[in-house]
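Only one structure is covered here, and it is reproduced in the block below.
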There are 2 protein chains.
Amino acid sequence: MTGQVRTVDGRVAGRRGQETRQKLLDCLREMLSTSPYRDVKVIDVARMAGTSPATFYQYFPDVEGAVLEIAEEMAEDSGGLKELVEGKSWAGKTGAATSEELVDGFLAFWRKNDAILRVVTLGAAEGDKRFFKIRMKVLNSVVAPLTEAVRTNQGKTDKTIDPAAVAGSLVSLLASAAEHQKAFTSWGVKVKDLKPNLALQVYMGVAGKKPPK
Amino acid sequence: MTGQVRTVDGRVAGRRGQETRQKLLDCLREMLSTSPYRDVKVIDVARMAGTSPATFYQYFPDVEGAVLEIAEEMAEDSGGLKELVEGKSWAGKTGAATSEELVDGFLAFWRKNDAILRVVTLGAAEGDKRFFKIRMKVLNSVVAPLTEAVRTNQGKTDKTIDPAAVAGSLVSLLASAAEHQKAFTSWGVKVKDLKPNLALQVYMGVAGKKPPK
DNA sequence: ACTTGTCCTGTCATGCCGTCAGCTTACCGT
DNA sequence: ACGGTAAGCTGACGGCATGACAGGACAAGT
């Protein structure tokens with residue numbers, strides 16, 4: 001689908017080249033999770049990868065360019081989130097379970113990619129279209145099927161509600177909670193209690209009523 | 001309260017000094033709202049303020065230090081958000097109005113300070129305690145009184161609900177929506193419809209039921 | 001005019017950025 | 001085996017930002 005991998009100056013990358021390229025991406029990933037984004041320097045990434053800064057510039061235009069690469073990879077990976085919603089039942093106790101699994105899966109995904117998602121979120125907030133698009137792809141993998149779920153489940157009972165707004169709000173909430181878990185603990189919400197609370201809100205948002213005991 | 005303003009090397013700043021200091025902060029504010037955080041350089045801020053980089057370093061240890069200054073100023077300002085919740089009624093139609101005013105006020109505050117809040121949010125997500133503290137101060141000015149409102153209004157009817165979790169979730173949602181309004185429009189939620197939707201969710205979260213027509 | 005303390009900037013060493021020419025390495029056809 | 005070709009890497013360099021310092025400019029009081 002996406003032609004071959006190419007260097008900045010147009011050469012096609014071979015086996016060895018792709019290896020170092022990948023190593024640079026891995027090291028950048030690591031740097032992002034240990035240093036503030038503002039302080040991530042090309043020279044540090046290169047040093048960690050056991051290569052020279054010039055090599056870095058062979059494969060990426062700059063730090064941001066490499067970050068976009070990582071982000072796109074993650075966005076591909078986010079397709080799996082769809083399965084947390086698609087084809088699931090929202091009726092009664094099964095619905096409550098669906099809700100919990102969604103929260104669990106979403107938070108796990110976010111935690112796994114938190115460093116890169118932080119940068120993507122920042123970029124999107126700053127108005128960068130490339131980051132915005134990537135963020136939407138991740139969120140949409142849940143929002144799209146969830147909107148459908150809202151429409152079929154509670155849209156019938158209440159026509160004043162906009163399914164897209166509800167689904168979008170719920171997913172925004174999940175993302176925010178994932179990114180700032182510590183805020184909740186400082187409000188006295190224990191980590192153990194956070195997930196059930198989120199799951200409850202998701203269930204009520206979709207089903208339009210409290211879950212059965 | 002906070003002693004006199006001092007330069008990095010310990011001198012007390014006089015009238016003229018405070019003026020240039022303030023000018024530097026203003027220019028930094030402006031830079032933050034027009035350039036990506038990662039690209040904001042001391043030299044650019046100094047140039048915009050019509051002074052030299054050396055002057056900047058007289059008043060601030062680095063860009064981050066100056067950003068913290070702006071952020072703290074904004075956090076002070078956020079105390080006014082309390083009044084959107086404290087002493088308000090959540091009964092019936094008055095409650096719906098309270099909810100709308102809260103959403104309106106919160107979004108307005110966020111929009112007014114969006115550039116600095118972006119950076120604060122990033123810093124908090126990266127685990128920087130100083131930014132985390134500032135972010136909590138802003139959010140708490142709403143979460144604290146809102147938790148109280150939840151406790152007194154719907155805590156009676158349903159004991160399984162954790163008021164702090166509900167209030168925290170609602171405010172997180174508001175913050176997220178404010179920071180990423182564009183995401184909602186791309187989900188087909190018009191700007192005009194966003195506020196009523198958020199207000200509805202706030203009302204239901206606090207009152208535990210749908211608003212009266 | 002002189003002193004004192006505030007305020008600003010020229011200058012400099014240091015370090016990162018981003019590019020290039022040129023060297024080394026791997027692959028391939030003969 | 002051998003040479004050709006393209007891939008792969010790096011040393012070196014000009015350019016720019018950082019951060020520290022010493023010293024000059026300026027205002028206010030004596």
Side-chain angles (χ1 to χ4, degrees), chain A residues 2-28 30-32 34-70 119 123, chain B residues 2-32 34-70 119 123 128:
Chain A
T2 78
Q4 304 141 301
V5 179
R6 285 185 174 272
T7 58
V8 168
D9 56 332
R11 284 201 321 280
V12 298
R15 201 205 85 246
R16 192 151 77 107
Q18 298 211 15
E19 270 175 25
T20 46
R21 201 183 117 102
Q22 192 56 49
K23 190 181 226 170
L24 284 167
L25 286 177
D26 292 342
C27 290
L28 173 54
E30 164 114 27
M31 290 297 290
L32 285 176
T34 54
S35 313
Y37 180 46
R38 199 165 196 284
D39 298 340
V40 171
K41 308 288 180 194
V42 168
I43 197 172
D44 296 323
V45 177
R47 222 175 338 237
M48 184 182 291
T51 176
S52 83
T55 302
F56 182 96
Y57 287 105
Q58 278 220 327
Y59 296 105
F60 311 103
D62 50 23
V63 171
E64 209 189 50
V67 164
L68 273 168
E69 197 83 6
I70 296 177
V119 180
Chain B
T2 79
Q4 302 142 302
V5 179
R6 284 184 174 272
T7 59
V8 168
D9 55 330
R11 277 199 334 276
V12 299
R15 199 203 88 246
R16 192 152 75 106
Q18 298 211 17
E19 269 176 26
T20 47
R21 200 183 118 102
Q22 193 56 48
K23 190 181 226 170
L24 284 168
L25 285 178
D26 292 343
C27 290
L28 174 54
R29 235 200 180 93
E30 163 116 26
M31 289 299 288
L32 285 175
T34 54
S35 314
Y37 180 45
R38 199 167 196 283
D39 298 340
V40 171
K41 307 287 180 198
V42 168
I43 196 171
D44 295 322
V45 177
R47 225 184 324 249
M48 183 183 290
T51 176
S52 82
T55 301
F56 182 96
Y57 287 106
Q58 277 218 326
Y59 296 105
F60 311 104
D62 49 24
V63 171
E64 208 188 50
V67 165
L68 273 167
E69 197 84 6
I70 296 177
V119 180
D128 187 305

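Protein chains get the first letters and strands the later ones, always in sequence-line order, with residue 1 at the start of each.
Protein atom CD1 of B/Ile43 is 9 Å distant from nucleotide atom P of D/dC16, rounded to whole Å. With rounding to whole Å, A/Asp39 atom CG is found 16 Å from C/dC17 atom C1'. Taking atom CD of residue A/Glu19 and atom C1' of nucleotide D/dA7, one finds them 14 Å apart after rounding to whole Å. Spacing between atom CG of A/Asp44 and atom P of C/dC16 amounts to 7 Å, rounded to whole angstrom units. For the pair A/Met31 CE and C/dC16 C1', the interatomic distance rounds to 13 Å; values are reported in whole Å. Atom-to-atom, CD of A/Glu64 to P of C/dG18 comes out at 11 Å; the value is rounded to the nearest Å. Rounded to an integer number of Å, the gap from CG of A/Asp9 to C1' of C/dG22 is 14 Å.
Salt bridge B/Arg38/A/Glu64: absent, no basic N to carboxylate O contact under 4.0 Å.
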- [ ] Mark up nucleotides 3-11 of chain C, 5' to 3', with B wherever a protein heavy atom is under 4.0 angstrom from a base atom, S wherever such an atom reaches only the sugar-phosphate, and - elsewhere.
- [x] ---SBBBB-

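Applying the side chain to side chain donor-acceptor pair (under 3.5 Å) rule to B/Thr20 yields no partners; only residues at least two apart in sequence or on another chain are considered.
Separation of atoms CG (B/Leu24) and CD (B/Gln58) is listed at 10.5 Å; rounding is to 0.5 Å. Here the CZ-CZ distance, from B/Arg21 to B/Arg6, works out to 12.5 Å after rounding to the nearest 0.5 Å.
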Open item on the list: Between A/Val8 and A/Phe60, does the side chain to side chain contact (heavy atoms under 4.5 Å, CB included) criterion hold? Intermediate values first, please.
Closed with: CA-CA 6 Å; A/Val8 168; A/Phe60 311 103; 5.7 Å; no

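Look at A/Tyr57 and you won't find any side-chain N or O under 4.0 angstrom from OP1 or OP2 of C/dT19.
Of the possible polar contacts, one joining the A/Thr7 side chain to the A/Arg11 backbone as a donor-acceptor pair under 3.5 Å is found.
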